[in-house]
Student: 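Have a look at the structure that comes next, please.
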Amino acid sequence: MAKQNVAAVRRVVTASLIGATIEWYDFFLYGVVAGIVFNKLYFPTDDPLVSTMLAYTTFAVGFITRPLGGLIFGHFGDRIGRKSMLVMTLMIMGVSTFLIGLVPTYDSIGIWAPVLLLLLRVFQGIGLGGEWGGAVLMAYEYAPPEKKGFYASLPQIGLAIGLCLASGTVALLSTLLTDAQFMAWGWRVAFLASAAMVLVGMYIRLNIKETPEFSEVKARNAESRIPFFDMLRRYPGNVLKGMGARYIDGVFFNVFGVFSISYLTQTVQITRTQALTGVMAAALVMCVFIPFFGRLSDRIGRTRVYFWGSLITAAASFPGFWLMLNSQGSVMLVWLAIIVPFGIFYAAVYGPEAALFCELFDAKVRYTGISFVYQFSGIFASGITPIIATALLKSGGGQPWLICLYVLFAGLVSALCAWLIGRGGVRRGGPAGRGTDSWDRCSRGWKRDPA
């Protein structure tokens with residue numbers, strides 16, 4: 001690859017990574033705060049369980065509206081271009097997050113407090129719905145064929161950094177401030193700080209060019225008239241298999257990255273700062289392993305990495321929760337229970353995921369396709385997971401094993417779908433690309449077949 005092309009790829013990947021980091025910080029900050037602040041200040045009831053579930057319901061709304069954002073920005077991203085949509089999504093997310101930090105509490109304005117919170121969460125979901133697809137597409141479509149898995153995994157690190165920043169910011173504020181100060185105004189600082197990061201992200205994104213693959217589509221006047229309908233007509237099977245493969249990603253992330261915070265503080269009874277530090281440490285470890293597994297998928301195949309990653313990640317929930325439950329006050333054991341499953345095993349799913357989904361569709365409908373697969377499946381895979389986990393914890397008498405069984409079910413579904421994708425011969429570089437990942441029916445596993 002020529003030096004000029006290498007520089008262009010690095011510039012695009014950097015812009016995608018920084019933008020994705022900001023977007024995920026904004027989105028997950030809400031999830032981190034939902035179970036420790038919003039349940040008390042915006043949904044006050046006599047039953048702490050009800051308050052927590054109401055707060056998590058508004059968290060879920062963000063996932064419900066993400067498909068809408070995916071369809072809107074996916075449509076125009078496939079019709080007009082990837083770059084302009086990414087600038088718009090970053091602005092929507094940044095303004096929404098900033099305004100959440102200004103919403104008065106229930107004691108101040110009554111029912112309007114949760115209503116405003118809900119409305120801003122809707123806009124957060126719409127912004128992120130269009131963000132993820134565009135960010136990974138910019139990196140994927142600029143990358144050389146033999147490194148698409150690696151480069152497409154780099155914007156995925158934005159999730160880990162965003163979660164780390166969200167958890168770390170709240171943990172730092174919790175440490176520096178008294179509980180009264182944190183609940184009164186400290187948590188708002190984390191939301192208001194988003195404005196500064198958005199300005200940096202906007203500057204970087206305005207200075208990149210459109211991807212070569214989409215530029216070629218534009219040059220041939222080959223844009224799809226209605227990408228969503230074109231996607232459903234040409235790739236119905238890939239849409240279903242992609243959504244199924246996404247299941248373990250959403251479930252596992254929200255069990256260990258969101259639900260675990262309230263579980264550790266309320267059931268295991270460690271401090272909020274200790275719980276947040278564990279999640280933050282796992283996110284830092286994940287930053288190393290996401291590109292590792294992305295690169296591995298370039299060498300041995302996306303579906304192979306994703307298949308085994310789904311099974312191992314799901315199974316890891318059992319020893320993870322067992323160690324949390326039997327930590328006997330040892331914070332180091334609790335952190336180990338989070339870092340290994342979440343920081344290492346989960347990366348085997350999230351690392352190759354972007355390239356795997358990109359290769360389900362061609363460039364004419366790719367923005368719409370990957371956004372719909374990722375965001376629509378997120379409703380049941382991600383958005384309702386903290387609610388389900390809270391209900392299963394109560395049904396299990398405070399024991400986490402029903403939650404682990406649910407995670408295992410999600411892992412089996414995703415592994416099956418990854419296997420089906422491999423059997424279908426998804427091509428590297430998209431349906432028109434070179435090389436395939438296929439399942440060897442002679443029980444030898446996956447093998448790389450020539451195009």
Side-chain angles (χ1 to χ4, degrees), residues 1-2 4-9 11-13 15-16 19 67-92 126-127 129-148 151-152 155 202 204-239 242 354-376 424-436 451:
M1 191 164 48
Q4 186 175 3
N5 289 339
V6 171
V9 171
R11 196 161 48 243
V12 167
V13 169
S16 295
L68 177 60
L71 289 177
I72 293 172
F73 293 105
H75 174 85
F76 290 105
D78 283 328
R79 292 282 300 162
I80 300 173
R82 286 52 163 135
K83 173 186 171 179
S84 55
M85 296 304 105
L86 285 177
V87 172
M88 292 180 64
T89 57
L90 186 60
M91 180 62 71
I92 291 172
I126 291 173
E131 162 66 26
W132 181 84
V136 300
L137 268 189
M138 292 293 290
Y140 177 86
E141 292 183 348
Y142 258 98
E146 72 278 6
K147 294 183 178 180
K148 284 186 178 294
Y151 279 111
M202 289 288 289
I204 294 174
R205 283 195 169 175
L206 287 170
N207 287 279
I208 58 174
K209 296 180 180 180
E210 189 56 76
T211 70
E213 284 193 53
F214 185 75
S215 296
E216 183 181 344
V217 171
K218 291 282 285 185
R220 292 187 286 109
N221 293 318
E223 302 97 319
S224 174
R225 185 179 178 188
I226 306 179
F228 179 70
F229 291 152
D230 198 9
M231 173 198 73
L232 292 180
R233 179 178 59 84
R234 296 168 57 203
Y235 302 108
N238 285 1
V239 169
L356 178 69
F357 289 174
C358 285
E359 288 162 5
L360 292 174
F361 311 97
D362 65 28
K364 293 197 296 183
V365 298
R366 189 174 289 146
Y367 201 143
T368 299
I370 66 172
S371 295
F372 183 78
V373 164
Y374 189 84
Q375 308 300 354
F376 186 77
V426 173
R427 295 177 181 269
R428 293 179 60 214
R434 298 175 55 193
T436 66

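Keep in mind it's a predicted model, so treat the numbers as computed, not measured.
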Student: Do Phe372 and Phe228 have ring centres separated by under 6.0 Å?
Tutor: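 Yes: the rings meet the under 6.0 Å criterion.
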Student: For Val217 and Lys364, work out which heavy atoms get closest and say how close.
Tutor: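 So the minimum-distance heavy-atom pair works out to CG1-CG, 4.0 Å.
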Student: Not counting sequence neighbours, list each pair that qualifies as a salt bridge (charged side-chain N to carboxylate O under 4.0 Å, His left out) and has a residue in residues 132-142.
Tutor: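 For residues 132-142: Arg82-Glu141, Glu141-Arg366.
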Student: Would you please classify the geometry between the Phe357 ring and the Trp132 ring as parallel, tilted or perpendicular, with 30° and 60° separating the classes?
Tutor: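 Answer is perpendicular, since the angle exceeds 60°.
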Student: Working to the nearest 0.5 Å, report the span between CE of Met85 and NE2 of His75.
Tutor: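 NE2 of His75 is found 9.5 Å from CE of Met85.
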Student: Out of curiosity, Thr368 OG1 to Ile226 CD1, how far, rounded to the nearest 0.5 Å?
Tutor: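 One gets 11.0 Å once the value is rounded to the nearest 0.5 Å.
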Student: For atom CZ of Arg225, is the number of surrounding heavy atoms from other residues, nucleotides or ligands below 6.0 Å larger than 12?
Tutor: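 No.
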Student: Indicate the atoms forming the closest heavy-atom contact of Ala363 with Asp78, along with that distance.
Tutor: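 What the structure gives for the nearest pair is O-OD1, 3.7 Å.
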Student: Measure across Tyr140 and Lys148 and return the closest heavy-atom pair with its distance rounded to 0.1 Å.
Tutor: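 For Tyr140 versus Lys148, the nearest heavy atoms are O-NZ, 2.7 Å.
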Student: Return the minimal non-hydrogen interatomic distance between Cys358 and Leu137, and the atom names on each side.
Tutor: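 Between these two residues, the closest heavy atoms are SG-CD2, 3.8 Å.
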Student: Do you know which two heavy atoms are closest between Thr89 and Gly127, and how far apart they sit?
Tutor: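 Distance-wise, the nearest heavy atoms are CB-O, 3.4 Å.
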Student: Could you tell me the separation between the CZ atom of Phe376 and the CG atom of Leu68, rounded to the nearest 0.5 Å?
Tutor: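 Result: 12.0 Å between the selected atoms.
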Student: Contact between Val373 and Phe361 at the side-chain level, heavy atoms closer than 4.5 Å - yes or no?
Tutor: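 In short, these two side chains touch, coming nearer than 4.5 Å.
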Student: Taking all non-hydrogen atoms of both residues, which atom of Ala139 and which atom of Ser16 are closest, and how far apart?
Tutor: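 For Ala139 and Ser16, the tightest heavy-atom pair comes out as N-OG, 4.3 Å.
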Student: Before giving the answer on side-chain contact (heavy atoms from CB on, under 4.5 Å), spell out for Tyr235 and Asp362 the whole-Å C-alpha distance, their side-chain angles and the decisive distance to 0.1 Å.
Tutor: CA-CA 10 Å; Tyr235 302 108; Asp362 65 28; 3.1 Å; yes
Student: Keeping the roles fixed (side chain from Tyr367, backbone from Phe76), state whether a donor-acceptor pair exists under 3.5 Å.
Tutor: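 No, the answer is negative, given that no donor and acceptor are paired below the 3.5 Å cut-off.
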